[in-house]
Structures are given as structure tokens and as C-alpha cells.
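Note that the structure is predicted; figures quoted are calculated from it, not measured.
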Amino acid sequence: MEKENIAVGLDIGTTKIVAMIGKKNEYGKLEILGVGKSKSLGVARGVVNNITQTIQSIQQAILEAENNSGYKIKDVVVGIAGQHIRSIQHSDYISRSNPEEVIGGSDIDLLINQVHKLAMLPGEEIIHVLPQEFKIDGQSDIKEPIGMYGGRLESSFHVVVGQASSIRNVGRCIQSSGIELSGLTLEPLASSDAVLSQEEKEAGVALIDIGGGTTDLAIFKDGIIRHTAVIPFGGNVITDDIKEGCSIIEKQAELLKVKFGSAWPGENKDNEIVSIPGLRGREPKEISLKNLSKIINARVVEIIEQVFTEVRAYGHEDPRKKLIAGIVLTGGGAQLKHIKQLVEYITGMDTRIGYPNEHLAGNSDEEISSPLYATAVGLVMNSIENNTQSAVRMQAMVSPEKVTYYREPVIEAIVEAKEEVYVEPEKVFQQDHTKEESTENKIRRSFFDKYVDKIKDFLDNAE
């Protein structure tokens with residue numbers, strides 16, 4: 001029987017944790033087998049601040065995904081975000097000893113390794129090294145250098161940097177949840193894979209992912225990532241403003257935002273009022289929808305202006321760097337009423353809401369096509385690219401009642417049970433080397449293999 005390539009993505013957000021299991025169907029589309037969602041406890045602005053609560057939330061999401069799909073999760077690709085993420089542009093070169101030999105993967109590896117020697121601030125580590133254009137002996141704008149001749153190989157790189165401790169904390173939470181870490185991806189990059197087309201990336205586009213704790217930005221031009229940024233504000237600060245401004249509890253503020261909220265204050269009439277039950281026998285509170293939309297508008301304008309500052313810093317006003325495809329909004333915040341119109345008004349750029357449904361199979365649940373799940377879908381796509389075998393069928397389990405036992409806190413028991421049940425003659429999925437892979441994918445893959453191994457070694461030695 002042919003082995004199924006089952007992929008698992010884990011989106012550790014500020015408001016929710018999503019575990020998603022999927023595989024490619026015969027048409028090359030992503031078929032979602034199961035989704036698990038839990039309230040994110042222990043994460044603030046994309047950074048873990050309570051290990052125990054985060055582990056419990058991860059286990060809950062994993063368990064729900066397993067029960068929904070009938071697959072047992074072994075490892076996951078995780079999204080990295082948070083206010084500690086920053087990006088820099090860097091150029092580097094190597095001089096080849098024999099210009100008569102064609103440039104190969106080893107030359108590019110050598111160039112990449114040089115970038116890793118960059119001096120970082122204390123506590124920071126390089127997460128992503130993303131190549132832009134290559135230059136060979138002064139000839140510029142080369143996208144694929146492998147197979148060419150030359151003595152001096154140069155490249156410009158987009159380098160993403162983050163706090164090592166924050167990334168290791170995420171690794172610790174996953175390991176303590178009884179699963180392995182198979183890959184790391186910057187969340188705006190995962191979201192971009194799910195909602196952007198290649199034409200948009202070529203024309204120039206800014207992806208704005210408005211999450212609960214952070215707003216992520218990724219800018220593409222000529223098919224290449226040009227700029228990334230993480231703004232430390234998201235949907236949660238809007239909820240906090242409503243809570244303070246209307247003197248209500250957080251749960252009510254969130255409901256108000258989702259059901260009646262609008263980013264455009266002129267939309268509501270003065271006499272539109274919503275009544276909210278009072279606490280412990282107190283009188284109900286009446287809230288004007290016009291005032292509600294004014295509170296939301298003020299905070300959304302602030303977030304969008306901060307993002308637009310980053311877009312201008314990239315150089316959008318330069319005709320050669322112009323983002324012809326405009327802006328794509330995704331994430332839970334993109335569901336706010338009239339946010340598209342507000343973004344167009346502030347930036348003067350064409351805007352659309354990004355849904356991950358283009359890559360999903362036709363029979364997918366409508367909920368999964370929501371911008372809310374864009375990052376999770378992108379992480380599953382990333383896991384499929386890595387040819388991971390991240391989950392196996394649960395047919396060896398004895399009875400369905402006992403399935404839920406496998407995510408109890410005793411992690412050693414989980415690992416032992418997992419090894420006993422799934423004894424397969426071929427543990428490692430063999431990659432098909434017959435297909436040629438692009439230089440960018442090779443670089444991303446080889447770097448992530450090294451980086452994930454580095455985190456695993458750190459966690460093993462920290463025991």
C-alpha cells in the first residue's frame with residue numbers, strides 16, 4: 001500500500017491555537033482531514049508567557065484534530081510570529097576557486113553559511129534566510145544561478161531575526177505536548193502561501209494578516225519576498241478599547257465587535273442602540289452603535305497607519321517598487337465589517353480580503369475557507385512541501401472510547417504507546433530526488449532542517 005503524505009500545521013496564535021491535518025488530493029488541491037481549535041491560554045502578542053497553559057491548549061487542539069480526522073499526529077510544522085520578529089536586508093558574496101566549474105548547490109550553501117555568521121544583537125538568532133536576486137561576475141537579476149559559470153557569486157538576502165528564547169519556548173511546549181517539531185515558518189509567509197497568487201507576488205503585493213495579538217506584514221515584488229514586519233497590535237486591543245469605552249466585560253466587548261462592529265463610523269445612525277444585560281441583577285446597558293464604530297475606527301486606523309509606514313519604508317512610492325496588486329487582508333481581523341473600505345481610504349491602494357479557498361478541495365468545510373484559518377492552511381501546505389509523514393491512521397487503536405486517553409499529561413506513556421502501535425518498516429519518507437527543485441526552496445529547506453535540528457539538540461541537552 002502506498003504511504004499517504006499526511007501533513008500537520010500548528011498555528012499558535014494569541015487568541016486561538018489551531019491544529020490542522022491535511023493531504024493533497026488527486027487534483028493537487030488540499031483536502032483537510034481534521035481541524036482542532038482551542039482557546040489560546042499562555043500566549044501574549046504571539047509570544048509564549050505561560051508554558052503550562054500553552055501546553056494544555058496545544059494538547060486540546062491536537063486531540064480535537066485527531067478525533068475529527070481519525071489520524072494520530074506525530075509531528076507538526078509551527079508558525080513563528082510575535083513582536084520580537086524583525087527583518088534586515090543583507091548582501092554577501094563568495095569567490096569561487098574554479099570559475100570553469102558550473103555553480104552548484106554547495107556554492108549556494110557556502111554563501112548561506114556566510115550569512116549565518118552575521119553579528120546579531122544579544123539573544124537574537126536568524127530564523128529565515130530568504131534569497132532575492134543573485135549576481136554572477138557583475139551580471140545582475142539572476143533568479144536561478146545553478147548550472148551557470150562564474151568566479152564571483154553574490155546575492156541579496158532578506159534575513160528574518162527573532163529572539164532565540166521565544167522560539168525555544170515554542171519548541172519546549174510542542175515537545176512537552178507529546179509531539180515532535182518538524183519545521184518552523186514565519187506566519188506571514190505561511191499566510192501568503194495560502195491566500196496570494198503567483199501573479200500578485202510578481203506584480204507586487206502587501207499581505208496584512210490581522211491576528212488577535214499582532215498584525216503581520218509580508219511584501220512581495222517580482223515573485224520575491226522583499227519585506228516582513230510584525231506590528232504588536234491586533235484584534236485584542238480593539239476589544240480592550242470597547243471594554244474600556246463602554247464599561248463592559250471582555251466577553252461582551254468581543255461579541256459586540258463581532259456581531260455589530262464596523263470600521264466605518266458613518267455607517268450607523270444615531271438611534272441604533274444595542275442593549276447588553278447587566279451584571280448580577282444590575283440594569284441592562286444601552287450602547288450606541290455609532291459610538292461603538294467610532295471606538296473601533298480609531299484603533300483600526302492606528303494599526304493600518306503603522307502597517308502603511310512599513311509599506312512606505314519598503315519604498316512603495318518608488319515607481320520600480322510599486323505594489324501594483326495593492327493590499328490583501330487576511331486573519332481574523334479581516335472579517336471586521338467595512339475594513340476593506342477603510343484600508344483603501346487610508347492607503348489609496350486596491351484592497352481585497354484574502355481567503356485560503358483557492359488551494360482547498362471543493363468539498364472543504366466553509367468555515368475552513370475563512371481568513372481566520374489562512375495561517376493554518378499555509379502551514380499545512382508548507383508541511384506537504386517538506387514531504388513530511390506527520391500523522392498515521394488510528395486503525396490500530398482498540399476502541400474509540402479510549403482514543404481520548406492518548407493526550408493525558410503523562411507524556412512518556414504517549415510516546416511509548418505511539419511507538420508500540422505504529423511499527424512501520426520504513427519510518428522516513430523518502431524524498432523524490434528526480435524532480436528538480438528551485439534554489440529558493442532548496443535554501444529554505446536545508447536551512448530549516450539545520451535550524452529545527454538545532455532547537456531539538458538544545459531541548460534535549462536542556463533536560
Checklist line | Under 3.5 Å donor-acceptor, S370 side chain and L372 backbone | finding: yes

Next item on the list: Establish, yes or no, whether the cationic atom of K143 lies under 6.0 Å from the six-membered ring centre of F134 and within 45° of the ring axis.
Entry: no

Check: When you measure from the side chain of S57 to the backbone N and O of Q53, does any donor-acceptor pair fall under 3.5 Å?
Finding: yes

Checklist line | Set of side-chain hydrogen bond (donor to acceptor under 3.5 Å, both in side chains) partners for Q60, sequence neighbours left out | finding: none

Notebook entry, point to check: Does G104 offer a backbone N or O that forms a donor-acceptor pair with the side chain of D107 under 3.5 Å?
Noted result: yes

Item checked: Shortest non-hydrogen contact between P371 and G354, atoms and distance -> CB-O, 3.7 Å

Next item on the list: Examine distances only and state if a side-chain atom of S69 and a backbone atom of Y71 form a donor-acceptor pair shorter than 3.5 Å.
Entry: yes

Item checked: Non-hydrogen atoms of A263 and I296 that approach each other most closely -> CA-CG2, 4.2 Å

Item checked: Result of checking V195, V18, I368 against V377 for side chain to side chain contact (heavy atoms under 4.5 Å, CB included) -> I368

Note to self: Could you tell me if Q132 and H158 have a donor-acceptor pair between their side chains, going purely by distance under 3.5 Å?
What the structure shows: no

Next item on the list: Taking atom CD of E250 as the centre, report whether more than 12 heavy atoms of other residues, nucleotides or ligands fall under 6.0 Å from it.
Entry: no

Note to self: Under 4.0 Å between a side-chain nitrogen and a carboxylate oxygen: does that hold for E254 and K259?
What the structure shows: no

Notebook entry, point to check: Any side-chain donor paired with an acceptor under 3.5 Å for E154 and S91?
Noted result: no

Item checked: Salt-bridge contact R352-E200 (side-chain N to carboxylate O under 4.0 Å) -> yes

Notebook entry, point to check: Ion pair present between R226 and E133, side-chain N to carboxylate O less than 4.0 angstrom?
Noted result: yes

Next item on the list: Validate the cation-pi geometry between R299 and F233: distance from NZ or CZ to the six-membered ring centre under 6.0 Å, angle to the ring axis within 45°.
Entry: yes

Checklist line | side-chain hydrogen bond (donor to acceptor under 3.5 Å, both in side chains) involving H359 - partner list, sequence neighbours excluded | finding: none

Next item on the list: Classify the side-chain pair E367/Y373 by whether it contains a donor and acceptor separated by less than 3.5 Å.
Entry: yes

Checklist line | Partners passing side-chain hydrogen bond (donor to acceptor under 3.5 Å, both in side chains) against E124 (at least two apart in sequence or in another chain) | finding: R86

Next item on the list: Provide the closest heavy-atom pair for G333 versus I339 in the form atom of the first, atom of the second, distance.
Entry: O-CD1, 3.6 Å

Checklist line | Main-chain N/O of V328 paired to T330 side chain as donor or acceptor, under 3.5 Å | finding: no

Check: In this structure, which one of L189, T228, V161, I225 forms a side chain to side chain contact (heavy atoms under 4.5 Å, CB included) with H128?
Finding: L189

Checklist line | Carboxylate-amine/guanidinium proximity below 4.0 Å for K257 and D240 | finding: no

Next item on the list: With rounding to the nearest 0.5 Å, note down the distance linking CG in N25 to CG in L30.
Entry: 8.5 Å

Item checked: Residue that, paired with V300, satisfies side chain to side chain contact (heavy atoms under 4.5 Å, CB included) out of I346, D241, L336 -> L336

